[in-house]
Amino acid sequence: MFKVNRNYLKLPGSYLFSTIAKKVAAYKEMHPEKEIISLGIGDVTQPLAPAVIEALHSAVEEMSRAETFHGYAPDLGYEFLRKAIAENDYKERGVQIALDEIFVSDGAKSDSGNIVDIFSEDNIIAVTDPVYPVYVDSNAMSGKTGEYIQEKESWSKVIYMPCTEENRFVPEIPEETPDIIYICCPNNPTGTTLKKEELQRWVDYANEKRAVIIYDAAYEAYISEEDVPHSIYECEGAKTCAIEMRSFSKNAGFTGTRLGFTVVPKELKAADGTMLNSLWARRHGTKFNGAPYIIQKAGEAVYSDAGKAQTKEQIAYYMNNAGQIRKELSAMGYTVFGGVNAPYIWLQTPEGMKSWEFFDLLLEEANVVGTPGSGFGPSGEGYFRLTAFGSAENTTKALERIRAL
Ligand SMILES: *Cc1c(COP(=O)(O)O)cnc(C)c1O
């Protein structure tokens with residue numbers, strides 16, 4: 001008789017966005033006449049840029065002829081794409097990344113979930129609280145988080161680093177020493193960032209403790225302030241302690257097209273000298289069979305002059321929404337954070353309302369869907385996330401409805 005992976009049975013609750021989808025579906029069924037605006041899930045709405053579409057078409061054309069047909073992609077990804085990444089994302093910022101340190105994938109969600117494969121279950125994991133749920137759940141699924149403590153809403157082998165208004169949402173070095181530290185910057189959900197010196201402090205700490213930082217830079221393209229690093233490798237010593245993940249989803253609208261990459265420097269070694277680069281290469285080659293050729297060509301086009309200009313416009317469009325949400329909510333008396341270097345606005349719920357209470361209020365009275373902060377961790381209680389990924393029209397309309405509450 002087969003047995004299931006019992007780690008799955010220990011997972012608390014259901015996945016946040018499934019719960020939201022169910023609540024919204026139930027409301028729609030009761031009120032089919034209502035028009036609901038979603039500023040909830042972090043998904044883009046602008047179509048793919050013309051340069052990307054053009055690259056897709058011509059890659060499809062290549063696939064139709066025997067001489068230019070492509071089968072399985074190389075393990076690490078096509079060199080044309082890894083070169084474009086090394087050149088544009090790193091060399092231009094003064095960082096040297098070798099081509100065999102870049103692993104092309106189908107996105108940062110799978111990479112951040114899969115990276116747990118190369119670590120032992122004996123590690124202590126540190127995450128910010130609130131946190132992108134994938135980091136903790138993927139560790140829990142492979143039995144790396146210890147026991148779930150119901151009354152604390154936390155796992156015994158996970159250190160939760162509270163990020164609140166008091167510390168400007170910047171995680172502080174915890175009392176207990178972690179082995180694996182997850183940092184998402186710009187942050188989902190709080191929309192906040194670490195300045196260079198703040199990130200450098202984490203890099204120095206990780207090197208001193210021989211810990212590894214898993215750095216999720218999915219929102220790198222939204223950084224507008226000068227002193228915020230775009231890559232963790234801009235910090236001195238990061239190559240001996242950090243893995244960086246990137247995605248084409250939020251900077252170029254590939255959420256449905258799927259493309260991302262992970263950088264694992266060769267200098268990054270465990271205490272016994274094992275190179276994490278070799279382990280990840282082995283894992284990648286065994287359990288992943290490459291992102292599609294046509295999508296990698298589309299990714300390459302993001303780095304063309306036209307691609308850069310067009311995706312920059314898309315980001316400006318979303319950040320215009322972000323600015324509007326920030327400005328108008330502030331004028332209504334809300335306390336808001338984020339929305340400057342990220343497409344997320346993190347607001348305090350009014351009058352100390354619980355996050356889910358505010359969710360229900362917004363859904364029922366304004367027909368606007370957002371994301372309750374408590375879904376991202378205990379410190380998210382009393383906060384609420386709105387995204388700037390809607391259309392400008394819907395963003396304006398949603399704000400009018402919130403004003404009328
Ligand atoms: C959207 C997002 C990703 C990227 O996901 P993809 O799988 O590349 O679409 C990664 N990390 C965070 C924190 C995100 O919000």
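Side chains included, hydrogens not; waters and symmetry mates left out as well; all remaining heavy atoms used. Every number for a ligand or one of its atoms is a count from 1 in the order of the listing.
Listed by chain and residue number, nothing satisfies the side chain to side chain donor-acceptor pair (under 3.5 Å) test with Gln314 (two or more places apart in sequence, or in another chain). In this view, Glu234 and Arg93 satisfy the side chain to side chain donor-acceptor pair (under 3.5 Å) rule, not counting sequence neighbours.
Using a 4.0 Å cut-off between a side-chain N of Lys or Arg and a carboxylate O of Asp or Glu, Glu267 and Lys269 do not qualify as a salt bridge.
Residue pairs meeting the side chain to side chain donor-acceptor pair (under 3.5 Å) criterion with at least one member in residues 42-59, sequence neighbours excluded, are Asp43-Thr255.
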Give a table of atom pairs where an N or O of ligand 1 lies under 3.5 Å from a protein N or O.
from	atom 1	to	atom 2	distance (Å)
ligand 1	7 (O)	Ala108	N	3.3
ligand 1	7 (O)	Lys109	N	2.9
ligand 1	7 (O)	Arg258	NH2	2.6
ligand 1	8 (O)	Ala108	N	2.7
ligand 1	8 (O)	Ser247	OG	2.7
ligand 1	8 (O)	Ser249	OG	3.4
ligand 1	9 (O)	Ser249	OG	2.6
ligand 1	9 (O)	Arg258	NH1	2.9
ligand 1	9 (O)	Arg258	NH2	3.3
ligand 1	11 (N)	Asp216	OD1	3.4
ligand 1	11 (N)	Asp216	OD2	2.7
ligand 1	15 (O)	Asn188	ND2	2.8
ligand 1	15 (O)	Tyr219	OH	2.5
ligand 1	15 (O)	Lys250	NZ	3.4

For a side chain to side chain contact (heavy atoms under 4.5 Å, CB included) check, start with the C-alpha distance between Tyr27 and His31, then their side-chain angles and the critical distance, and finish with the verdict. CA-CA 6 Å; Tyr27 181 83; His31 308 273; 3.2 Å; yes

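Taking the six-membered ring wherever Trp is involved, the centroid distance between the rings of Phe376 and Tyr132 does not fall below 6.0 Å.
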